[in-house]
Student: 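Quick one: this structure, given as structure tokens, is what I'll be asking you about.
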Protein chains: 2
Amino acid sequence: MDGGGATGIARRRIGRANHARILKAAERVFAEVGFAGASMAEIAARAKLPKANLHYYFGTKEALYRAVLNDILAVWLGPMDAIRPDSDPAAALTEYVAAKVAASRDRPLASRVFANEVLHGAPQIERFLARELRQLVAEKAAVLEGWIEDGRMAPLDTKHFFFMVWALTQHYADFAVQVRLVLDKKRLERKDWDHVGSEVTRMVLRVAGLAEADRAASVSGRRGAASWAS
Amino acid sequence: MDGGGATGIARRRIGRANHARILKAAERVFAEVGFAGASMAEIAARAKLPKANLHYYFGTKEALYRAVLNDILAVWLGPMDAIRPDSDPAAALTEYVAAKVAASRDRPLASRVFANEVLHGAPQIERFLARELRQLVAEKAAVLEGWIEDGRMAPLDTKHFFFMVWALTQHYADFAVQVRLVLDKKRLERKDWDHVGSEVTRMVLRVAGLAEADRAASVSGRRGAASWAS
DNA sequence: GTCTATACATAGATAGAC
DNA sequence: GTCTATCTATGTATAGAC
């Protein structure tokens, strides 16, 4: 990591800037054509840097790809923080879905890189999925199970419930072209994304037995608050 | 397409067998590593045929890929036939979901090839998505809208409802590795797939306001049959 | 730290004997 | 119709001047 003639400070500042530029360009290219389809030359062109610089900073194409994935994984699980034992179920799920939809809207490239990796067998993140993700899902699924036992949420398989939320929300990033073509839109505008957010939220809340209609019924006394507990 | 010395019949029989072997091997390789990652040499090895034969039958890698996609598209939309105006909504949706889950279970490779294609911008099937798929969804969405108007189904955005069913069911083929690792299973057995089927069906019916609990409530008189129509 | 030139491997595709 | 040998392009990675 050392060499050159500039001072350490200047070197690091330039280094960080280039590092970030390369990561950004790489995320775009990996998202567009996948790991196998991406070429270092294309990434270098997007980053407006010579090809050799990429190898100077990251060594190999695989190492660069892992760096991109690493950036993604940290961001990817953040929204799950909304699920806590003391949260109001409807509010927590609404917040979780909103955060996941926002992620698909604001970082579709990250979603596609992740999807491509898993689609092809997760060769680079298998351990992450088997450990961190598995552990996190186990924890959050336990929270939902607590809510279900307390009659605060409709009974369901909590792990498959998470699969549903992921599938639904990430679909709008990963299958964006299909969504766009079926809806016959040039691109999704802000209002379209707001609509996606409200529709997905509605679906998730209905699955959890927490939709407006259900809650209204509950409030009006037609269905007791603990009616799911039976 | 003509040459050789064998009779037309024998030639075609051998030709068809090889044709099918190549398509099968190609589907597997394209599913595993994507279009860009697939090599004609690898596909030839899986089909146990010399590389040159692939070019003899299909010309180019892209043409072979299109042939694989073509086989998939026909199968892919079949399940939508279950959605008809005169169907019972709950029965039709149950049948539709069951067929889509069965497709993910029985033809996961086909699902992954399709997912990979769409994920990377659908360069080969853009026209199909913009025409056939768009038209089909418009038709079937209209059927659901009819059910909603008649108070036979909860109100929702019907096109996004289809996105939900696709996302949910195809998730189990496309993200199979993640599902397997999170659930800590070596592989999904028959009973696991049955469980997936019942959970996904339950979720979809709840979204449509047609779940057991809702229907029971409806029968017991706590909620009128037309309560969704308001 | 940066960049040009290049080594070496593998890709898709085809020629031409059988 | 089948298959071996080969052409040409492109890919990753690195050497070495600056």
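Below, each value reflects all heavy atoms present in this structure, side chains not excepted, and no hydrogens, waters or symmetry copies. Naming: A, B, ... by sequence-line order, numbering from 1 per chain.
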Student: Looking at residues at least two apart in the chain, or sitting in another chain, which of them share a side chain to side chain contact (heavy atoms under 4.5 Å, CB included) with A/K51?
Tutor: A/M40, A/A41, A/A44
Student: From OH of B/Y56 over to P of C/dT14, roughly how many Å is that when rounded to an integer?
Tutor: 15 Å
Student: Using the ring of each side chain (for Trp, its six-membered ring), is A/F162 parallel, tilted or perpendicular to A/W166, with breaks at 30° and 60°?
Tutor: tilted
Student: Excluding sequence neighbours, so at least two apart, what forms ring-ring contact (aromatic ring centres under 6.0 Å, His included) with A/Y65?
Tutor: A/F30, A/F35
Student: Within residues 23-32 of chain B, which residues have any heavy atom lying less than 4.0 Å from an atom of DNA chain D?
Tutor: none
Student: Sequence neighbours excluded, which residues qualify as side chain to side chain donor-acceptor pair (under 3.5 Å) partners of B/W147?
Tutor: none
Student: Can you name the residues that form a salt bridge (Lys or Arg N to Asp or Glu O under 4.0 Å) with A/E117, not counting sequence neighbours?
Tutor: none
Student: Rounded to the nearest Å, what distance is computed from the CG atom of residue B/L54 to the C1' atom of nucleotide D/dT2?
Tutor: 13 Å
Student: In this structure, how many angstroms lie between the P atom of C/dG1 and the CG atom of A/L49, rounded?
Tutor: 13 Å
Student: Between the protein and nucleotides 9-12 of chain C, list the N/O to N/O atom pairs that are separated by less than 3.5 angstrom.
Tutor:
{"residue": "C/dG12", "atom": "OP1", "partner": "B/A38", "partner atom": "O", "Å": "3.1"}
{"residue": "C/dG12", "atom": "OP1", "partner": "B/M40", "partner atom": "N", "Å": "3.3"}
{"residue": "C/dG12", "atom": "OP1", "partner": "B/K61", "partner atom": "NZ", "Å": "3.2"}
{"residue": "C/dG12", "atom": "OP2", "partner": "B/M40", "partner atom": "N", "Å": "2.8"}

Student: What residues, two or more places apart in sequence or in another chain, satisfy salt bridge (Lys or Arg N to Asp or Glu O under 4.0 Å) together with B/R180?
Tutor: none
Student: Taking only the side-chain nitrogens and oxygens of B/Y57, find out if one of them lies under 4.0 Å from OP1 or OP2 of D/dT2.
Tutor: yes
Student: Can you sort out the partners of B/N53 under side chain to side chain donor-acceptor pair (under 3.5 Å), two or more places apart, ordered by chain and number?
Tutor: none
Student: Please determine if a side-chain N or O atom of A/N53 lies less than 4.0 Å away from the OP1 or OP2 oxygen of C/dC3.
Tutor: yes
Student: To the nearest angstrom, how far is A/E62 atom CD from D/dA13 atom C1'?
Tutor: 14 Å
Student: The criterion is salt bridge (Lys or Arg N to Asp or Glu O under 4.0 Å); which residues satisfy it with B/K185, sequence neighbours excluded?
Tutor: B/D192
Student: Using whole Å, what does the distance between atom C1' of nucleotide D/dT14 and atom CZ of A/F58 come to?
Tutor: 18 Å
Student: Any ion pair linking A/E27 and A/R107 (charged N to carboxylate O, less than 4.0 Å)?
Tutor: yes
Student: Which residues pass the side chain to side chain contact (heavy atoms under 4.5 Å, CB included) test with A/S111, not counting sequence neighbours?
Tutor: A/W76, A/Q170, A/A173, A/D174
Student: With sequence neighbours left out, write down each residue that passes side chain to side chain contact (heavy atoms under 4.5 Å, CB included) with B/Q135, or none if nothing qualifies.
Tutor: B/E139
Student: Please produce a list of atom pairs where a protein N or O lies less than 3.5 Å from an N or O of nucleotides 15-18 of chain C.
Tutor:
none

